[in-house]
Every structure is written in structure tokens, then in C-alpha cells.
Amino acid sequence: MKKFLFLSLMLLGIAAMAQQNPPQPVDPNVRKGTLENGLTYYIRQNKLPENRADFYIAQKVGSMQEEDNQSGLAHFLEHMAFNGTKNFPGKNMLNYLQDNGIKFGTNINAYTSLDETVYFLTDVPTTNKNLVDSVLLVLHDWSCGILLEDEEIEKERGVIREEWRTGGGAQYRLWKKMLPVMYKDSKYANRLPIGSIDVINNFKPEEIRAYYKKWYRPDLQGIVVVGDFDIDKMEARVKELFSQIPAQENPATREYYPVPDNDAPIVSIATDPEATRTQLMVFYKHDPIPDEIKLSQAGLVLNYIKAAATSMINERFQEMIQKPDAPFTSAYAYDDDYFVAKTKDAWTVAGSSADNKIKDAVAAMIRETERVKRFGFTESEYERARTNILKQYENSFNNRDKERNSHYSQRYVNSFINNEPIPGIEYEYNMMNMIAPNIPVEAINQTVAQLIGDKNIVISVSGPEKEGLLYPTEEELIEVINRVKGEEIEAYVEEVSNEPLIAEPPTPGRITRITRDEKLGATVWTLQNGMKVILKSTDFKDDQIVMTGTSAGGYSHFAVQDPINSRMMNNVITLGGVGNFSATHLRKALAGKTASARPSVTLTTQNFNGSSSIKDFETMLQLVYLYFTAPRSDDDAFQSFLQRIETQLKNQEADPMVAFSDAVTKSIYGENPLTKRVKVEDLAKIDYKRIMEMYKELFRNPGSFVFTFVGNIDEAKVKPVIEQYLASLPGKAEKGEFVPVPMDFVKGKTDNKFQREMQNPKASVFIGASGKLERNQKNILLMSIFDQILDIVYTEKIREDEGGTYSVYTQGGISRYPKGQSTLQIIYDTDPARMENLNAIIHRELKSIAENGPRTEDFNKVKEYMVKQHNENLKENRYWMNVLDANYFYGEDNHSNYLNLLNAITADDVKNFVKEFLSQGNEAVVVMLPKE
């Protein structure tokens, strides 16, 4: 590693850096310290969202610290942290936090990986000092005060079993086969965090307590606190509270387990009857960057080199995929951890292919890697990559004072777990603007050539197991490696164009009317072509403008007569690029610009969505102009798309959940062709020419659109741009027309139980209630409150009390079209033997809310969260974009009276709403059971 790093530095002509190689600083805006007991903390004051903070405790311990007879204990312990601690016994912690609007699963959560376990509490209100102190106490308890009571352990076994059941699908089984081969003679071979179901069922409580005592200790723990608070007071509180935790005497060594090198290629081939796609990976393993280099300025240089190389090779892969008969359906490369291991890195090329093209795809992935190794990248490729990287740093720098807490908290967790540098964007931006212009393409090429070795190669192939499908053997794949390495490979040659997006800009149009919306803080322009433009200037981001455009109609015009082409429009309309630019050349033309704009079509509307930096606002509108006036077709790109989607659809029937989804859709919509899943046999009905005709018809009148722009907008500066690219479009002040389409739900009660062969037996359950309700703001709020209350109730009754499922998904809504059509969906997986009992509980709780109303504590928790979430949304550009779009296109003001309406809603309102909804008597129950 040092050899090629120093070679790269020498190529820069800055050999002094290689000799001195100063460390990167720690961002002065973060307080980082280590207590006497070994605990590390990171504290940063940040004001977005206002009056909120994120709290994390990261543990340098995961499933790799388990012995074989402990497999799954690290993950089980993570669950137990929410089932009683020293200062918050039972469910007191969750109840207290949710009473304060901190939502379980959203703001309260954790994850366990092979080498770390991380707990977090996000968007915690900081105006309540007692709440902040309590949240710090929660982190303290997670560190050293998890109770691990016998009764709670027994109850949680059921939850973990159900998580194992839900997550134990084809991908999990493939990993179980792949890792022992890929990590032969390494502990990484058999340490997936979910663990062994036998251990989960049978470990003794004292075993998990011993594991907790051994590994949860301050020298392996990091506290991260980021948010809107007094940093001095927060640091003092953290020091005071966490210094009380004693250091462990004679602690066990926290070992990072190695991954052996291999001279001959390792080949892993894994199949599963329920797998739906063929996945390919080629790894070129190498040692990770030593910490002393990673944390130095040289580490920043090397990260830049790898980022540039990754960008360039992935652009080549994207170009290949656009061509018919491409050897793979997807491919990308990067240099990072060797799959799941932290002790070995790898230049990784990953992709997918058709069943019958595995050898061709692997050969193509290796060939492109060899091409880079032998010839490197071109000057023009590198110029684009460098420009894009510098633009990314510029965007981060420009918005440096308007980043959310999560932007920083994730970085500090990563710094603690992986010893990554955290110098801060000011330092990185300035250094990158010094480094990047001085690194020639030769430095990139020689560095990457050394990353891609001739040994330490691993190939992984995984995919469907079915009759008649033969996979290449280990010997055949090794022969592919040797054959490609012996080929006469030519250097990459690319087509480069300096043509502007629009060669001759249109003659500007006019703004015919300007009004001011004081209530929503927006300006409304009416253009000469009838288009409405809504602008709202905010300071939530210093360098961001977001955009949406909406017009009525959608594919309703064609839906009944041409359902397949209608539903495939979104997948097809941008395949050809725009103007004189193919999709490949468009990406190149947009190098160094932060601007996007994309058309889309729904059943009821045609739309644009996009975003830009301030200086690239014109580019965003140029794209809109071109999608209106010069949509482009590309038959090669379309043929490539057909081949890719055929590969995706070909094996989908193997997944039992596809059959479940089909049954659910039929229970809701019956035999409506507009709702059925697209299948392989439908692809022959897709008519590219017809779809582009439909697109042009829907977008023929720009005057029917309402465009909304929100962000750091200077009206005087955007005015000439809007006049040139929007007001100049030909159009009329006519609303788009929507054609009514049959989309009604099936009425009455239906019950569909069916059996399906499956590798991991489980019952999948769908319970759907439907009806008609007036679509108004109060009813929309009531439906949201209702389904959030059900989240709380079913988490308690089904998951915690019964140990019957990992989670119950609930979702309610009231549609615009068909007007007032309302639905509540409840979905979960469980043990087939327990399904009937759990369904009875599901219905019992629905009936209870309809007859008695929600429990006061549940009702209050949900309202508290919704108030908190609304106050956070007020400082988000996309929130205001959606508010203004709904107001000026649909005539719905969902903002002005939101808090008054929400605060006025009572538990009786919820009861009456639920009673009216459920009394309509429409219910569909779908249960998929394993074949016996």
C-alpha cells in the first residue's frame, strides 16, 4: 500500500508530502475527547433542525466477537437494550421517549453488524433540559445498565425468531453459502449477525449477560452528540455522566480478524430456488490503508485518486449497458472493504447478467478492469471526473452552515468505528482545490494499476437454481480469467463533444402577471403561454433550488386502450437522452454541473422534478426546455432496456413474495389490467415509437403546467432565465384534461388463503380495509393518526407481548383519484401455526379503537410526534415545494391551518373516524402459507 501511495505522490511533484505527510486536523467545530476510562466522545453544535439533537452510542463490537456457541448474541443484545435498563425498567424508556415525540423505529433504533453495534436517538427536542438529560442517561444505560431480565429474554426470543423468518430469504441463504468460500480460513466465514436459530432458541440468560459484561465497556464505546445546544454545557454533562463508568480490569483483547491472501483465484458459486437474479462479483484483494496514512494528507490524496478512478470506470460501464446485447445488465466498480471484512480491502467489480451470459459477463467485467490496468484512463475522462469531484466539494462547502445533524453524526460514528479522518469541509475543500489540479491522469492510472493485482482474486457468482440452468464450473471461471488476461485488449477510445446543450437559445417570452401570496410567502408569475410559476425564497440551504412541475392528464388518456405502453412510459421516455445528446453523452455534457430535471407520468398527471445549485439554475431549465421541445429516441438504448428488463422479470416467479403481492393486488383491484404486474410476455407489446408519441402528446402544451421553485432564489436573477426557457415555450392557458379510468376497489369481504412452495416456511398476511371518505385535511390527518396508533399497538401486542412477528406494517391513505377512495393496509409475516391467533388480535384492536377510541397515551404520542415533525419540515425546501404545488395545482392548502387542526383533533374524533371507515364493511384478507 505504501509503495503505490508514495509513487502517486512522487508523480505529483510533491515529494515533500511523502516525506513529512502531516496528519489531517480534526474539525475545530467538533469537540473530540477521550475520558480516563477509555470512552471517546464527539460533540458538535449544529442548528439544523432547530432545537433538535442526535445522540449515538457506537460500540466496537459485533458478531465477530462471538464464539460459535454465541452466534446471534450480539444482535440479540441490541434488541434487549430496548427491553429494560437500570434507570428505565420495562418499557419505560420507549414510553417516555415517545411521549416526547421521539418515534420508535424512526428516531429510536439500532443496528448490529459484524464489527460494530450502533444505537441512536435522533431529532430529540433540546428545549426540554430534563428530556436531554434523560436521553444522555439512556446512552449511559446502554453502555453499562441493560438489565437482561429472564422474562424479557424469553419474550424476545420470539421476536428474533420472526426476524430470522422474515429475513431468511434467498439472499440470506446465498450469503450463507458464499461467505465460507470467500473467507476460507477466516472468522468472517460464518458470522452473519442474525446468528444461529439454535443458539437463539437455547442460550442461557447468563451467557448473554457474560457477553454484555465482556464487550460493552468504555474503551470500545463512542458517544456522538450533534445538535442545537450549548456545546460547553453538553461536553461537561457528557464528561460528568460517562466518567462514572469504571474501566474494565484486564479487558479481553478486541481482535480484528484477518482475511488470508490467496495465490490461486477463489471461486464461489451459490444458487437458490427462490433467487430471482444472477449476481456477479470480482474482487482484487489488497491490504487496507494503514491508519497513519489514512489519517494523513496522503490519505486525502489517495481517496481522491480512488474516487476519480471509480467515477471513470463506472461511466464506461454505463456506456456499455446502453448498447444492445450488452454482456451484463448492470456493472459498477469501487475500492473499499472486501465485502463484509474490515481487515482487507478490494478493488471490486459487481454486476448482474442474464442466466445464459454469466461467462460473457464475468469476462467483460475482467476485460474492462484489465483495460484500465494496462492503459488507464484518458485525459478527457479524467477532466470530467475531476470537475465532478470538485463540484461535489463545492456544493458541500457552499451549504456547510446548513447541514442537518445526521450529516455530522454519521461521520463521527464512522470516525470512531473505522478511524476515519474528520477534518471538516473547509479543510477538505481547500485541500482538494490544491490537490486535484496537480494530480495528473498518470498518477491515477499507475495507482489503480497497482490496486488491481494478479493474485488475491475472488469471483462470486450467485443466482437462481432451476431445471435446465447450468452454471459455469470453478475451472471454467478460472479459465475465463486466464483467457481474458491473455487477450490483445485495445485502449479505450471515447467520443467527446463540446457542443452546448442548446446551440441557439430561444427568444425570451414575457411574464404577463405578478402577484404575491403573503400567506404562503410566495411569488406567483403568469407567463405569456399560460404557465404558472411559483417562487419561494428560503435560506434553509445556501446553494439549493428544488423544482417541480405538474399538469393534469397523465396516462389516463391511453390507459384503457393501451395499458402496457401506458404503464411503461416512465421507464422509457428518458432512455434516448434529449436534444442532440444520448443518455451517455448527456451525462458527459452535465459534468461539473449540479443540475437535474426529469419528466415523469402518472395515471393522473405529467410532471417534472429537478434541483440545481444557484449557478446551474439555467442548466436545469435548459433540460426542461429540451424535454418539452426535443425529446430524443434511441433504438439501441431501447433494445438494451428490453434485454435488461427481460432478465429482471424472467425469474421473478421464483420469489414466493411475488405470488403474495399478486394475490394482494387482485384482492384490492380485481382483474383490472392497469394494476397487474408486468410479465415477460408483456414486453413484446411495448411499442417504443408509440410511447414517445404519447409522451409528446401529454407534454405538447407547456401552458397547462404549474412550476414551483423553492430555495435560495433571487427573483431578479432567475427572471431572465425563466423568461428564456419557460415563457418562450409555445402554449395556451388551458388545463390538462384527465380521463376517468376504472380504478375502484373490490367491495365486500374477500378471503384468499393459498399455499406456495417456499424454502423458509412462513405465513405472509395482508389485511386491507377500504371505503369512501371525504378527502379533506382533517380526514387525512385522522387517517395518519390512526395508522401511526396501529404501529404502536401492534408493536406492543403482536411483536412484544406475543413475540409473533418482527414488525407489522400499517399504511392508510385517502386518494385524490378515485376521489375519497380510502384504504388501510396491514401486512406482516409470522409462524404459520400462529397466524390465526395473531389475525384475531389484529381485528380485536381495530374493533377496540372503533368502539372505545385509542388509548390516551398512544393518541398523545402520535400527536406529539406529528407536531415535532411538522416543525422540522418548516425548514425543508422540499416540504414547501410540495405545499405550494398542492396549493396551486390541486387547490389544497395543507399548511396554513395544519397545527390548529391537528391540535384540535380529539381521541373521540379518531374513534368516530375509524368507526365510520370500518363500518363500510369492505375487507380483503390474503394469507400465503407454505405447502406442506
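Keep in mind that what you see is a predicted model, and the values were worked out from it rather than measured.
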Residues R404 and E876 bridged, charged N to O under 4.0 Å: yes
Donor-acceptor pair between Q544 and N399 side chains, under 3.5 angstrom: no
L139 side chain near Y119 side chain, heavy-atom distance below 4.5 Å: no
From CA spacing to verdict: side chain to side chain contact (heavy atoms under 4.5 Å, CB included), H407, N46: CA-CA 10 Å; H407 174 84; N46 188 59; over 6 Å; no
Any pair counted as side-chain hydrogen bond (donor to acceptor under 3.5 Å, both in side chains), so long as it reaches residues 244-253, sequence neighbours left out: none
Least distance between heavy atoms, F416 atom then A58 atom: CE2-O, 3.4 Å
Full working for salt bridge (Lys or Arg N to Asp or Glu O under 4.0 Å) between R316 and E381: CA-CA 9 Å; R316 290 186 184 181; E381 287 179 293; 2.8 Å; yes
Check: I614 main-chain N/O paired with D543 side-chain donor or acceptor under 3.5 Å: yes
Candidate pair Q297 and Y427, rule side chain to side chain donor-acceptor pair (under 3.5 Å), full reasoning: CA-CA 11 Å; Q297 289 182 358; Y427 174 86; 3.3 Å; yes
E394 with K615: basic N within carboxylate O range, under 4.0 Å: yes
Residues which pass side-chain hydrogen bond (donor to acceptor under 3.5 Å, both in side chains) with T85, listed by chain and number, not counting sequence neighbours: D141
Side-chain heavy atoms of K306 within contact of L451, under 4.5 Å: yes
Ring geometry between Y338 and Y183 (parallel below 30°, tilted from 30 to 60°, perpendicular above 60°): tilted
Test ring pair (Phe, Tyr, Trp, His ring centres under 6.0 Å) applied to Y334 - qualifying residues, sequence neighbours left out: none
R386 vs L390, side chain to side chain contact (heavy atoms under 4.5 Å, CB included): CA-CA, chis, key distance, verdict: CA-CA 6 Å; R386 173 164 50 198; L390 288 176; 4.0 Å; yes
Aromatic ring pairing F242/H140, orientation class (parallel under 30°, perpendicular over 60°, tilted between): tilted
Pairs meeting criterion ring pair (Phe, Tyr, Trp, His ring centres under 6.0 Å) with involvement of residues 25-66, two or more places apart: Y42-Y412, Y56-F120
Residues in ring pair (Phe, Tyr, Trp, His ring centres under 6.0 Å) contact with Y393, at least two apart in sequence or another chain: none
Non-hydrogen atoms of V259 and K344 that approach each other most closely: O-CE, 3.2 Å
Any residue meeting side chain to side chain contact (heavy atoms under 4.5 Å, CB included) with Q392, in chain and number order, not counting sequence neighbours: none
Carboxylate-amine/guanidinium proximity below 4.0 Å for E116 and K342: yes
For N419, side-chain hydrogen bond (donor to acceptor under 3.5 Å, both in side chains) partners two or more places apart: D291
V238 side chain near L136 side chain, heavy-atom distance below 4.5 Å: yes
Side chains of N456 and D261, donor plus acceptor under 3.5 Å: yes
Residues in ring pair (Phe, Tyr, Trp, His ring centres under 6.0 Å) contact with Y257, at least two apart in sequence or another chain: none
Closest non-hydrogen atom pair between S71 and G195, with its separation: OG-CA, 3.3 Å
Atom NZ of K588 with >12 non-hydrogen neighbours under 6.0 angstrom: yes
Centroid-centroid distance, Y212 to W142, less than 6.0 Å: no
Side-chain touch V458/F339, heavy atoms, less than 4.5 angstrom: no
Min side-chain heavy-atom separation K868-K103 under 4.5 Å: no
Stepwise side chain to side chain contact (heavy atoms under 4.5 Å, CB included) check, D336 with T348: CA-CA 8 Å; D336 206 338; T348 302; over 6 Å; no
Between T112 and E78: side-chain donor-acceptor atoms closer than 3.5 Å: yes
Those residues that, when tested against D115, pass side-chain hydrogen bond (donor to acceptor under 3.5 Å, both in side chains) (two or more places apart): Y188, R254
Side chain to side chain contact (heavy atoms under 4.5 Å, CB included) between Y408 and D54, worked out: CA-CA 10 Å; Y408 298 109; D54 289 357; over 6 Å; no
Taking every non-hydrogen atom, the tightest pair across P49 and D123: CG-OD1, 3.9 Å
Pairing residues for H79 by the ring pair (Phe, Tyr, Trp, His ring centres under 6.0 Å) criterion, not counting sequence neighbours: H75
Which atom of S415 lies closest to which atom of I422, heavy atoms considered: CB-CG2, 3.7 Å
Residue pair A436 / Y382: nearest heavy atoms and the distance that separates them: O-OH, 3.7 Å
Close side-chain approach of T369 and Y284, heavy atoms under 4.5 Å: yes
Check ion pair R384-E315 (N to O, under 4.0 angstrom): yes
R237 and D133 ion-paired at < 4.0 Å: yes
With S63 via side-chain hydrogen bond (donor to acceptor under 3.5 Å, both in side chains) - residues at least two apart: none
N398 and D542 side chains, donor-acceptor separation under 3.5 Å: no
Whether D616 side chain and K593 backbone form a donor-acceptor pair below 3.5 Å: no
For residues 217-234, run the donor-acceptor check on the side chains, cut-off 3.5 Å, and write out each pair with its distance to 0.1 Å, sequence neighbours left out.
from	atom 1	to	atom 2	distance (Å)
R217	NE	D219	OD1	2.8
R217	NE	D219	OD2	3.1
R217	NH1	K214	O	3.2
R217	NH1	A252	O	3.1
R217	NH2	D219	OD2	3.3
R217	NH2	A252	O	2.7
Q221	OE1	S143	OG	2.6
Q221	NE2	Q59	OE1	2.9
Q221	NE2	S143	O	3.3
Q221	NE2	S143	OG	3.3
D228	OD1	K47	NZ	3.2
D228	OD2	N51	N	2.8
D230	OD1	D232	N	2.9
D230	OD1	K233	N	3.0
D232	OD1	R31	NH1	3.1
D232	OD1	R31	NH2	2.8

K391 side chain reached by S613 side chain, heavy atoms, under 4.5 Å: yes
Pair N262-K285, side-chain donor/acceptor within less than 3.5 Å: yes
Separation between NZ of K239 and CD of E36, rounded to the nearest 0.5 Å: 10.5 Å
